[in-house]
Amino acid sequence: MTAHPEALRWYLAGAIFITGLAGLFLKRRAVGKVIALNIVNSAVVLFFILLGSEAGDSAPILFRGTETPVDPLVQALMLTAIVVGVCITALLLVLIQRLHDTTGTTEIHEMERKLRDAGS
Amino acid sequence: MPGVELAAARLATTAMTLPVMIPLAGGAVALLAAVFHRRGLAWGSALGAVFCGAIAMVAISLAPPPGSSIAGLQPVMQTTVRVVTGGWYETTGIVVVMHPAGRVMGPLVYILALGILVWTVPDRRYSGVFAAIAAITVAAMGGVVIAGDLFNLFVFFEILSLGAVLLMAYERRGAALYAALRYLVVSAVSIAFYLVGLFFLYRATGELALHRIAAVLAEHPGDDSLPVAMALLVGGVVTRIAVVPFHGWLPAAHGEAPTPVSALLSGLILKGALVSLWQIMELASPVAPRISHTLLVLAAASAVAGAAGAALERDAKRLLALSSVSQMGFLALAVALGAREAMVFHAVGHGLFKSLLFLVVGRGADGAKSHDLQTMQRYLRTRGIPWPEALACAVGLAALAGVPAFSGSAGKGLVAEALPSGTLVYHLLRVSSLATMVAAARLGRVFLVPWRRGDLHPASAGVLVVFAVSLAVHGVMAGLPDRSTLLEFAGLVAAAALLLATFRTSGIRRVMDMVEHRRAGMDTVLAGILAGILMLLW
């Protein structure tokens with residue numbers, strides 16, 4: 001595989017996605033999973049931004065002389081996606097805090113065990 | 001005066017978004033009222049907004065396409081209306097769509113939500129904040145139904161899951177908080193896959209609006225990345241409707257949520273996503289026909305696995321939740337087969353009877369302070385049940401069990417008709433019906449208790465009676481059952497009775513213990529989603 005600079009960017013973004021996904025499965029603590037989720041989201045944002053940058057190389061603000069702006073649509077989309085991601089992260093952290101208040105742990109398996117014991 | 005005409009046209013296109021805007025605004029007002037501890041005002045504005053939203057939804061679902069001469073209810077319901085909101089240019093504006101499936105599902109979602117909220121009002125535990133979040137959740141659900149492009153669909157799905165999670169965690173019990181956390185993680189992961197799918201699709205077509213993507217795909221169908229894009233999009237949406245193996249989050253989420261939230265979640269939140277799945281499958285089946293086959297197999301698997309799980313469950317609310325997995329299997333099967341009428345009919349029936357059953361069972365479980373079937377039975381024997389609940393329970397259980405002339409049986413019959421008879425899937429559906437009957441019988445036994453005037457509020461009683469009557473009418477609408485249906489039902493009853501007899505043996509008890517102690521953890525649920533995505537990609 002030749003390390004073409006254009007292709008390399010895609011591989012790096014892909015690697016970030018896989019890293020986040022792996023973290024989601026391998027992390028045992030709830031906060032770790034939230035961070036992994038944010039990494040996955042960042043990778044998705046990178047995918048779109050890279051796609052938009054294929055259309056041009058300057059900011060999508062049309063002054064005289066900007067001939068080839070990047071795709072502005074994907075930037076708008078990703079702004080929305082980032083905002084949504086922040087909301088989700090905030091709510092996840094609140095839930096984890098509440099669960100920590102109830103069960104005294106942020107470790108997922110421990111949490112599940114304690115809740116099961118409390119239920120039965 | 002062209003200016004006036006233009007303004008009128010803009011107004012008309014904006015009217016399509018009213019079902020979303022009104023509950024959203026009402027939710028905001030309710031939130032403000034809740035901040036000042038005005039419970040009455042908060043509930044009033046939330047209910048009023050959902051009511052007006054429902055009227056707007058019914059109105060736009062009856063609207064013929066602009067400029068067409070189609071008249072009559074039946075033909076109009078078969079058409080798709082697509083408008084660009086606010087009078088923007090077609091290339092830049094946001095597209096809102098009224099799909100034939102959405103024409104029934106949209107009003108269904110709003111009317112059920114209104115009923116469930118009216119049922120909730122008398123219960124003082126649910127504050128103004130609850131009303132506000134519920135109204136916003138309904139708005140998001142309406143948005144999912146009318147979204148005409150894949151990115152808005154993503155946004156509404158996210159609002160929907162935020163709202164659903166807040167409602168689920170409302171009581172702040174540990175188990176419910178954990179179920180909410182897991183649901184949120186699962187929905188965030190599935191939506192990440194959805195976005196990656198959207199990325200591939202946007203790269204291949206350069207479009208986001210569903211009809212424009214379809215137009216581009218019709219001209220150049222050959223791109224290699226399209227099956228990948230479609231598989232990821234379908235995987236993201238299918239997680240929302242909990243088809244096996246994407247279903248791991250559902251039993252806990254629906255089983256641990258507060259009573260009205262369980263009813264909202266399985267009565268309608270599952271239904272909104274069906275319209276999206278239908279629209280995405282319309283795009284996917286021409287370019288990636290294999291996805292329909294995979295969906296068919298997964299749907300049949302959920303029909304059987306969900307029903308079997310429900311039959312073995314001791315927790316009353318989880319039993320209902322698992323039966324939702326089974327019913328969603330039937331609905332996804334209808335989507336995979338392209339049987340729209342069957343899907344819509346069964347979705348209406350399932351929405352009605354599952355909401356009803358969750359409301360009645362949930363109130364019983366709240367009173368008994370336990371979801372365990374036996375504990376609930378002991379409690380209900382001393383409390384008795386008021387007649388509206390008895391009526392609701394009888395009609396709901398008859399529909400669930402598939403008694404002929406009730407809507408469950410008719411809906412499942414319509415789905416099965418779309419299948420070639422004698423195939424393996426056809427027989428699997430019978431096994432599923434049998435298991436569902438066993439589950440319904442086990443649940444029904446709990447409610448075989450004396451009638452008594454209870455403490456049911458007239459508003460709640462009214463909602464139960466209206467839902468039960470609509471459910472009964474809906475069942476009869478499909479026509480009276482013929483002889484073969486009755487014979488098949490008799491056979492199923494006999495088989496179910498035999499199966500129920502084996503439930504007293506120690507072997508089945510041991511299996512039930514195992515089901516109770518082997519609840520899936522978060523990692524198992526996530527692994528299920530990954531496995532499902534891989535199956536769709538394969």
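In the text below, chain A, chain B and the rest are named by the order of the sequence lines, each starting its count at 1.
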Q. Is B:Phe199 close to A:Val74 at the side-chain level, that is, under 4.5 Å between some pair of heavy atoms?
A. no
**Q.** Whether over 12 other heavy atoms sit under 6.0 Å from B:Ile94 CD1
**A.** no
**Q.** Interface moiety of A:Leu37 toward chain B, non-hydrogen atoms closer than 4.5 Å
**A.** side chain
Q | Interface moiety of B:Tyr194 toward chain A, non-hydrogen atoms closer than 4.5 Å | A | neither
Q. Does a side-chain heavy-atom distance below 4.5 Å link A:Met111 with B:Met522?
A. no
Q) For B:Phe151, is it the side chain, the backbone, both or neither that has a heavy atom under 4.5 Å from a heavy atom of chain A? A) side chain
Q) Under a 4.5 Å heavy-atom cutoff, which of A:Thr80, A:Leu26, A:Val40, A:Val94 has the most pairs with chain B? A) A:Thr80
Q) Shortest non-hydrogen contact from A:Leu95 to B:Ala169? A) CD2-CB, 3.9 Å
Q: Tell me, out of B:Leu184, B:Ile191, B:Val189, B:Val155, who's got the most heavy-atom pairs with chain A below 4.5 Å.
A: B:Leu184
Q: Select, from B:Leu198, B:Leu177, B:Val196, the one with the greatest count of heavy-atom pairs under 4.5 Å involving chain A.
A: B:Leu177
**Q.** Residue pairs fulfilling salt bridge (Lys or Arg N to Asp or Glu O under 4.0 Å) with at least one residue in residues 9-28 of chain A, sequence neighbours excluded
**A.** A:Glu6-A:Arg9, A:Arg28-A:Glu107
Q) Are the charged groups of A:Asp101 and B:Arg172 less than 4.0 angstrom apart, N to O? A) no
Q. Going by heavy atoms in the side chains, are A:Leu73 and B:Leu208 under 4.5 Å from each other?
A. yes
Q: Just give me the residue among A:Val84, A:Ile108, A:Leu77 that pairs up with chain B most often, heavy atom to heavy atom, under 4.5 Å.
A: A:Leu77
(Q) With a 6.0 Å cut-off (strictly less than), is the heavy-atom count around CZ of B:Arg314, excluding the residue itself, greater than 12? (A) yes
Q: May I ask you to check whether over 12 heavy atoms, not counting those of B:Arg212, lie within 6.0 Å of atom CZ?
A: yes
Q: Working to the nearest 0.5 Å, report the span between OG of B:Ser161 and CD1 of A:Ile88.
A: 4.5 Å
Q: Indicate the ring-plane relationship of B:Tyr202 and A:Phe48, choosing parallel, tilted or perpendicular according to the 30° and 60° boundaries.
A: tilted
Q) Yes or no on side-chain contact (heavy atoms from CB on, under 4.5 Å) for A:Val44 and B:Phe193, after CA distance, side-chain angles and deciding distance? A) CA-CA 9 Å; A:Val44 173; B:Phe193 281 115; over 6 Å; no
Distance-only criterion, 3.5 Å: show the donor-acceptor pairs between side-chain atoms of residues 525-538 of chain B and protein atoms not counting sequence neighbours.
none

Q | Interatomic spacing from CD in B:Glu256 to CG in A:Leu115 - rounded to 0.5 Å | A | 9.0 Å
Q) At a heavy-atom separation under 4.5 Å, does A:Leu24 approach chain B through its side chain, its backbone, both, or neither? A) both
Q) Between B:Gly174 and A:Thr102, which heavy-atom pair has the shortest distance, and what is it? A) CA-CG2, 4.2 Å
**Q.** A:Ala43 versus chain B, the contacting section by heavy-atom distance below 4.5 Å
**A.** neither
Q: Check whether more than 12 heavy atoms from other residues, nucleotides or ligands sit under 6.0 Å from atom CD of B:Gln374, and answer yes or no.
A: no
